[in-house]
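Throughout, a chain's letter reflects where its sequence line sits, starting with A, and its residues are numbered from 1.
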Amino acid sequence: MVTGFRGAVLAGVIAAVFATSFLAEPFRGGGWFWDLGNALGLLAFAGLLFQMIPVPRKRSVRRHEVLGYWVLGTAILHAFWFLAGDGTVRFYLLPGGPAHMWLGLAGLIALAVLSVLARMPDRLRVHRHYRQFRKAHRILGFVTVGMAALHVVLSGFYLPAWWQAGVLAGVLVACVSGRRYWARLAHAPAASVSGYLIIGAMACVLFLLIRDGTP
Amino acid sequence: MKWLLGALFLAGAWLVVAGLPVAGPQPDRAPRFGGGLAVLPMTFTHESHFGQPCATCHHEFADHRTGQTCMACHVTDPKAAPFLEAQFHGLCQSCHVAEHAAGRPAGPTRRCIACHLDDHGF
């Protein structure tokens, strides 16, 4: 379940990402299939931003790790949703495909590498020192978030106004920086998988209802 | 986990290269509409677009250039061909999306395969 304030931070990040898409043309939808697939993508992006919040994870490192697998799983589901559900999407990942699709694919691969290299015992094989690992993990996290953000912004459908990209960038910067601000919280933000799934499912359903369920 | 991710990556790559292993029509990119440009097929019927002003799509009426089908000109004209996807998405998809957002019957909006199948009559 959502664990008090810690879960509230995750809920806030998910709400901020989804709300950004509703700031302009909130009823702009592409049908339930398309919108559900992209809601999964936005959820994965929000989960990734939450994972990037710069706080010490001494006691919550296991939660961070497990949640990371679920964020990766959500991103994979987002990708396969379209690849397996629409026989035409694959042409966007062949030579000549648009940049935002290549960025999405690169971001997904980076997220997979990020997860695999952080997993014991592979982590110790690659990084002998914790500091070295932490630095590499953080840098790869920045690269992943950057590519995922560009994927969302350049695909453009849910952020039709240019300033929405600015708002999303603001949410991103608030999540990946501000170490001093985040350190002021009484509890370091952490969330359970069930919290992520429950809040994420609610966000996806709302996303669908607003875009496809309104007259 | 790395083996599972590797298998998923290979499965994804196979889906991209070979397409969906399902029965039924699947789109392919090939020269069509009388041009040499490899393009996806498209489904379109005039019957389902009754009520729309002709000149919304048929700019050649205003340009006094008639005789060819839309696609025949758009895939062979060297000035228009590079913008084929952007122009047709901009024209067709934006109208369908606007109708959907307004709560009116809109037809296909974003699902690619809803439009990109050959109807052999366009």
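Within a 6.0 Å sphere centred on CE of A/Met202, other residues, nucleotides and ligands contribute 12 heavy atoms or fewer. Around the CH2 atom of A/Trp163, the shell of radius 6.0 Å holds more than 12 heavy atoms that belong to other residues, nucleotides or ligands. Counting non-hydrogen atoms of other residues, nucleotides and ligands closer than 6.0 Å to CH2 of A/Trp70 gives a total of 12 or fewer. In the displayed structure, B/Phe83 atom CZ is contacted under 6.0 Å by at most 12 heavy atoms of other residues, nucleotides or ligands. Around the OH atom of A/Tyr69, the shell of radius 6.0 Å holds more than 12 heavy atoms that belong to other residues, nucleotides or ligands.
Proximity to chain A (any heavy atom under 4.5 Å) is shown, for B/Ala13, by neither the backbone nor the side chain. Neither the backbone nor the side chain of A/Pro160 comes within contact range of chain B; no heavy atoms are under 4.5 Å apart. Only the side chain of B/Leu40 comes within contact range of chain A, judged by heavy atoms closer than 4.5 Å. Interface residue A/Ile76: only side-chain heavy atoms are found under 4.5 Å from chain B. At a 4.5 Å heavy-atom cutoff, the contact between A/Phe33 and chain B is made by side-chain atoms alone. In this structure, the portion of B/Glu85 lying under 4.5 Å from any heavy atom of chain A is its side chain and not its backbone. Interface residue A/Leu72: only side-chain heavy atoms are found under 4.5 Å from chain B.
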With side chain to side chain contact (heavy atoms under 4.5 Å, CB included) as the test, would you mind laying out the steps for B/Thr109 and A/Trp34 before giving the verdict? CA-CA 9 Å; B/Thr109 46; A/Trp34 196 272; over 6 Å; no
Determine, stepwise, if the pair B/Leu15 / A/Arg90 fulfils side chain to side chain contact (heavy atoms under 4.5 Å, CB included). CA-CA 7 Å; B/Leu15 276 177; A/Arg90 71 187 185 96; over 6 Å; no
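Of all non-hydrogen atoms in A/Leu83 and B/Val16, the two that sit nearest each other are CD2-CG2, 3.8 Å. Residue A/Phe157 comes nearest to B/Val97 through the heavy atom pair CE1-CG2, 3.8 Å, listed as atom of the first residue, atom of the second, then distance. Of all the heavy atoms in B/His100 and A/Phe27, the pair that sits closest is CD2-O, 4.3 Å. A pairwise comparison of heavy atoms in B/Ile113 and A/Gly87 identifies CD1-N, 3.8 Å as the closest pair.
A donor-acceptor pair is defined here as one N or O able to donate and one able to accept, closer than 3.5 Å; no such pair exists between the side chain of A/Arg28 and the backbone of B/Ala98. A distance-only check finds no donor-acceptor pair linking the side chain of B/His116 to the backbone of A/Val89 [under 3.5 Å].
Checked against salt bridge (charged side-chain N to carboxylate O under 4.0 Å, His left out), B/Lys2 has the following partners two or more places apart in sequence or in another chain: A/Asp122. Partners of A/His64 under the side-chain hydrogen bond (donor to acceptor under 3.5 Å, both in side chains) rule, at least two apart in sequence or in another chain, are A/Gln51, A/Arg57.
Between chain B and the options A/Gly31, A/Ala112, A/Ala84, the largest number of non-hydrogen pairs under 4.5 Å is found for A/Ala84.
B/Arg111 contributes atom CZ, which lies 10.0 Å from atom CZ of A/Phe82 (distance to the nearest 0.5 angstrom). Separating the CG atom in A/Asn38 from the CZ atom in B/Arg110 is a distance of 7.0 Å, to the nearest 0.5 Å.
Using a 4.5 Å cut-off on side-chain heavy atoms (C-beta onward), B/Cys112 and A/Phe91 make no contact.
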